[in-house]
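Order of the sequence lines sets the chain letters (A, B, ...), proteins ahead of strands, with each chain counted from 1. If you're wondering where the values come from, they're calculated on a predicted model, not measured in any experiment.
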Amino acid sequence: MTQENLLMIPEISVVILLLPLLGFLFNIFFGKRIGRLSSTIATGIMGICLALASYIAFTKFVYYPDNGMIQLKFDWFTLGPGNAVSVGIGVDNMTAMMLVVVTLISFLVHLFSTEYMRDDKRYSRFFAYLGIFTFSMLGIVIANNFLFMYIFWELVGLSSYLLIGFWYEKDSAANASKKAFITNRVGDLGFFAGIMILFFTYRTFFFDDIFAKILGDSLHGIAPILPFNSGFWLTVAGILIFCGAIGKSAQFPLHIWLPDAMEGPTPVSALIHAATMVAAGVYLTARVFPMFTAHALLFVAYTGAITAFLAATIAITQNDFKKVLAYSTVSQLGYMVMGIGVGAFTNGFFHLVTHAWFKACLFLASGSVIHAMHHAMHHLNDHHTDPQDIRNMGGLRKTMPLTYLTFLFATIAISGVPFTSGFLSKDGILAGTLAFAQLTGNWLIPIAGFGAAGMTAFYMFRLTIEAFHGVPKTKIATQTKENKFVIVFPLVLLAVMSFWFFYSANPIDASKGWFASRMKAPATSVPTAYQFRFLVPEERLKQEEEAQEKLEKANVDENTEKLKKRIHEELEIAYATGQENRDSVEKYKQEFLKNKEEAKARARHPLMAKKSMKDGSGEKEEFLTVFEEKIEEAHLPAMFISVLIAGLGILLSFTVYQFKAMNSDNLANQFGLLYRLSYNKWYIDEIYDASVIWFTLNFSKVLGLFDLKVIDGIVNLTAWVARLAGQATGIFDNVVVDGLVNLIANVTGTLGSIMRKFQTGRVQTYIGLTIVVVILLVYFLA
Amino acid sequence: MGIGLTHYLILSGILFAIGLFAVITRRNAIMVLMGLELILNSANINFIAFSRFGGINLDGQVAAIFVIVLAVTEAAIALAIILNIYQNYKHIRIDEINKLKE
Amino acid sequence: MLEALFYIFAAMIIGSAAVTAFTKNILYAAFALLFTFFGVAAIYVLLSADFLAISQIMIYIGGILVLIIFGVMLTTNVSIVDIKEGFTGKTSFIIAGIFSAITCIFFIYLAFKMPFINHAPKDVKLPNDSTIKPLGKLLMTNYLLAFEVASVVLLIAIIGAAMIARRHDD
């Protein structure tokens, strides 16, 4: 860090972090008393946060774009001498961007909720929860160490639990909140284990320190430090930490909680389960990107690809408005993870940001629709129809024009149509997958990516057409009305944010825009031996090669000298003794050559790179790694394919749902198996029920039986033995001890009754006896 | 023969025996008390006899003085107790007052 | 002369003591006791203990005996109940008689057989002066502590007696 004042960036970020906490505390303690005012306070606080975050982002991007992470570090607590646990906060470009994303969406959601939650009886409580959520999310964002990250990670989980189960009177909401929490725990367990491995190895929680230690310093001869001295464990640590992201970002196979989480209020879905919290996993993946080894990245990429594809297929057949959006979210999250996994770090994070806008817009629009439906139902005294089912909608275009327009634009953005932000980011990711596939041969990843892109276009337009186009399918739909300004305003703002020009002047290529230049992929820290060669910075490769060559040369020289000497000796002996030793000399020669070959082979690392890279591609200096170069090459083909596929998806959607050229029911029947698979979400919940949950339940039953039979048996046996011993002791007690006691008592009693004869109670007897004794004493003593 | 120590000792022994008899056999508490006075008197005779003949001089008389003092206190307290007993039992038959037996 | 006086007074002491011990009338017993005390005082005189003889008469006869008679009067309903009080029983009478006799014999035996009897001076010169002065000196010197304690004892006895004899109305 430089000594300049940094324009108060760290200090202000702390303020941003703490303000929502203040709002939470205020609302939780005084919320009931102040009633409606609580929303004003909470929204006001978010407004201030947004202003401060914008300031930070502006200063960071404009004045310090290349400063890396601006950090504050301090010792939190000390465990024995020299074992201080340090924590801190840090702001880099990614953080600054995330701060804006979180505060802006949180602000808009607050605004939206003031109207949406108007009739709720726990109005102030809702805003308190939103406040603590925002606090925790900001904490994740500005943490510069694993410890803070993990703490806020769990806090986010908690607030998510509280908000999903906000209407806990509904069983489904209560169950969904539990499901979300428990599923997240599974992932967090991995996250925690990963943190423990790293802390055990590096004795620090800071990202930058850990990365630096993994990297080592080949120039100064500092060897990389790896967990348990093996690249395998580095891979394990990376995958374990990614497990946290799997849980939080709803990646396959832990994605099951997110659709259920839609039981929460819709603004919550927009804030938490679309734009910010679920993005935390992606953010984490991006944060620890430098420490992912090749295997770990492959794992990440495949997880993302599977998630993206699977969720997209499920989204096609869902009928619940929010469920479709939920699966769409899962799918898009898969995209981001896939992007980071293949090394397209910039685009993965870019997609996180753009997706946050349009997905929040979609969710808030759905909230607007549901709100309107609710009101219409209320108007018609109908309490049984599902206001979220798109089969009950239709024709909302006419009654809710603004909502329709914003929703449509966000749909276009998510489908990846040019001139939208979604196109830019999605295209970047797809180009990354293509490049990755070219370099490593994992063609499944781009196939899944393009497939998911096509399906996304299809199901999003299906949703739009079903809900907004055509004629109203129920009476309720005709009764809907456009909502008030505070609901519509966030929609419009978010929709506008989805235009391309916010990120890059070029509508079809973001790689030259300000965003991409500020969010450069960090160089990987993983030693070359465990990383894709194409991801390692060229400069480092060169350095390492030089160092290796030097070492090798020294080795070879040494070996050569040794062998030469040996051969010389042997030759002398051979000359001295005759012909028969010539063979052994030949053997030594061959050995010498073999050693040399092996040493050379060892110097190379053919582990990962399928194609051997050409060294010294010096003509394109601006690329840090070979991979970035490849992405550039893959950009155009990726763009064409994705536009083509998205267009196909939209076209198909219009054909089926708008013009009814094909009957959707017929289609469903034709692809019966696929339809059922998709409709039933690939039976993943059922698989869990039948496997993990069944196993857990039965295992606990077995344990219960074990407890009942064996443990209780042992306990009973012990009790029985103890009782037996007790009885024996009792008999002994009764007979021997009591006998003794009784004997003594009887003797005493008998003696007493004898003595009693003397105890007449009459003074005179006593006197007489006394005198007898005195006389006897005198007689015998005197 | 002159009157010597032995005579006085015999006298006091007889007096003691009579006092003892009274103490043991009498039912009335006051009579018991009288017996006690007899015993004390016999003791005093001994003291003074020894003081006269036994070579302990006036020390024996001093002891006798203390005996008299104690006799007085004993008589006073004993009578007080007897009065108290009388108030509780309406009689002072000492052989019937055997609560101590229980 | 002195022998005669000794025997007369000894007879008086034993006789009146016997009356005290054997009479059934409590008032007789009290009066017999008077004579016993008087006889004992005379014996003291014979033993040349003049101060004690006077004390005997004043304290025993003037104090204790009056006290006893008060006691008799307070505890016995003279007007109604026969004033005679019996003995504890025939058996105890006989046992006590035998026991007392044995005691008496034992003392007489002792009086003859005790070793110091023979060392006792046969004839002691009678002091000419009164014993009051030396007694007073002794009490104020050698026996000062006992003397003081005796005074405290007397005080306590007075308080205690008053306290015990007090009528408990509650």
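- Your options are B/Ser42, B/Ala76, B/Ala78, and the one with the most heavy-atom pairs under 4.5 Å with chain C is B/Ala76.
- For the atom pair CD1 of B/Ile48 and CG of C/Leu46, the computed distance is 11.5 Å after rounding to the nearest 0.5 Å.
- Only the side chain of B/Leu38 comes within contact range of chain C, with heavy atoms under 4.5 Å apart.
- Here C/Leu52 is the residue among C/Val40, C/Leu52, C/Ile13, C/Val149 with the most heavy-atom pairs under 4.5 Å with chain B.
- Here the shortest heavy-atom pairing between B/Leu79 and C/Ile68 reads CD1-N, 3.8 Å.
- Annotation for B/Thr6 and C/Ala111: closest pair CG2-O, 3.5 Å, computed over non-hydrogen atoms.
- Contact of the C/Ile164 side chain with the B/Leu83 side chain is not registered, since no non-hydrogen atoms from C-beta on lie closer than 4.5 Å.
- Contacts between C/Tyr60 and chain B at a heavy-atom distance below 4.5 Å involve the side chain alone, from C-beta outward.
- In this structure, chain B has heavy atoms under 4.5 Å from both the backbone and the side chain of C/Ala30.
- For C/Tyr143, the OH atom sits in a packed shell: over 12 heavy atoms of surrounding residues, nucleotides or ligands are nearer than 6.0 Å.
- For C/Tyr44, there are no ring pair (Phe, Tyr, Trp, His ring centres under 6.0 Å) partners two or more places apart in sequence or in a different chain.
- Of all the heavy atoms in B/Met34 and C/Ile26, the pair that sits closest is CE-O, 4.0 Å.
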